[in-house]
Amino acid sequence: MTHEVTRLLLQLGIIILAAKAGGSAAKRLGLPALLGEVVAGLFLGPYALGGFPIPGFRDGLVPLMAGAFPISLQLYGF
């Protein structure tokens with residue numbers, strides 16, 4: 001249970017930081033901030049960089065799950 005909560009908190013923190021960074025990068029390029037936030041979300045998803053293993057998470061921060069939802073049920077519910 002502790003590992004699942006830790007993973008969820010890390011996922012949410014990294015998603016928020018990446019969205020903020022993507023939004024500010026897009027604004028510097030003269031694009032809407034929303035576009036940068038969406039691009040950051042696409043990069044972090046389970047089909048892109050979220051599936052690569054990182055220290056502490058051998059299957060990636062946002063691993064591709066089998067079943068009806070492509071991500072963990074906790075993250076999907078949030």
Side-chain angles (χ1 to χ4, degrees):
M1 182 69 159
T2 304
H3 183 68
E4 292 176 12
V5 172
T6 303
R7 179 185 291 259
L8 179 63
L9 290 176
L10 278 173
Q11 286 172 335
L12 292 175
I14 290 173
I15 288 169
I16 290 169
L17 288 175
K20 193 74 168 157
S24 65
K27 285 180 92 172
R28 278 187 267 144
L29 293 173
L31 299 170
L34 180 65
L35 184 62
E37 293 170 359
V38 169
V39 168
L42 289 173
F43 278 123
L44 287 177
Y47 298 107
L49 298 178
F52 286 114
I54 59 173
F57 301 97
R58 62 186 164 135
D59 53 350
L61 187 62
V62 186
L64 188 60
M65 308 293 265
F69 304 110
I71 58 174
S72 69
L73 192 56
Q74 294 86 359
L75 185 60
Y76 184 80
F78 187 78

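We use all heavy atoms of the structure for the numbers below, so side chains are in, but hydrogens, waters and symmetry mates are not.
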Which pair of non-hydrogen atoms, one from [X] and one from [Y], has the smallest distance, and what is that distance?
{"X": "A18", "Y": "A40", "value": "O-CB, 3.4 Å"}
{"X": "A26", "Y": "A33", "value": "CB-CA, 4.4 Å"}
{"X": "L44", "Y": "I14", "value": "CD1-O, 3.9 Å"}

**Request:** Scan residues 7-25 for pairs that pass side-chain hydrogen bond (donor to acceptor under 3.5 Å, both in side chains), counting only residues two or more places apart or in two chains.
**Result:** R7-D59
**Message:** Connecting only ILVMFWY residues whose side-chain heavy atoms lie within less than 4.5 Å of each other, what is the rest of L31's hydrophobic cluster?
**Reply:** L29, L35
**Item:** Non-neighbouring partners of L17 that pass side-chain contact (heavy atoms from CB on, under 4.5 Å), sequence neighbours left out
**Value:** none
**Item:** Where at least one partner belongs to residues 23-45, residue pairs that pass salt bridge (Lys or Arg N to Asp or Glu O under 4.0 Å), sequence neighbours excluded
**Value:** none
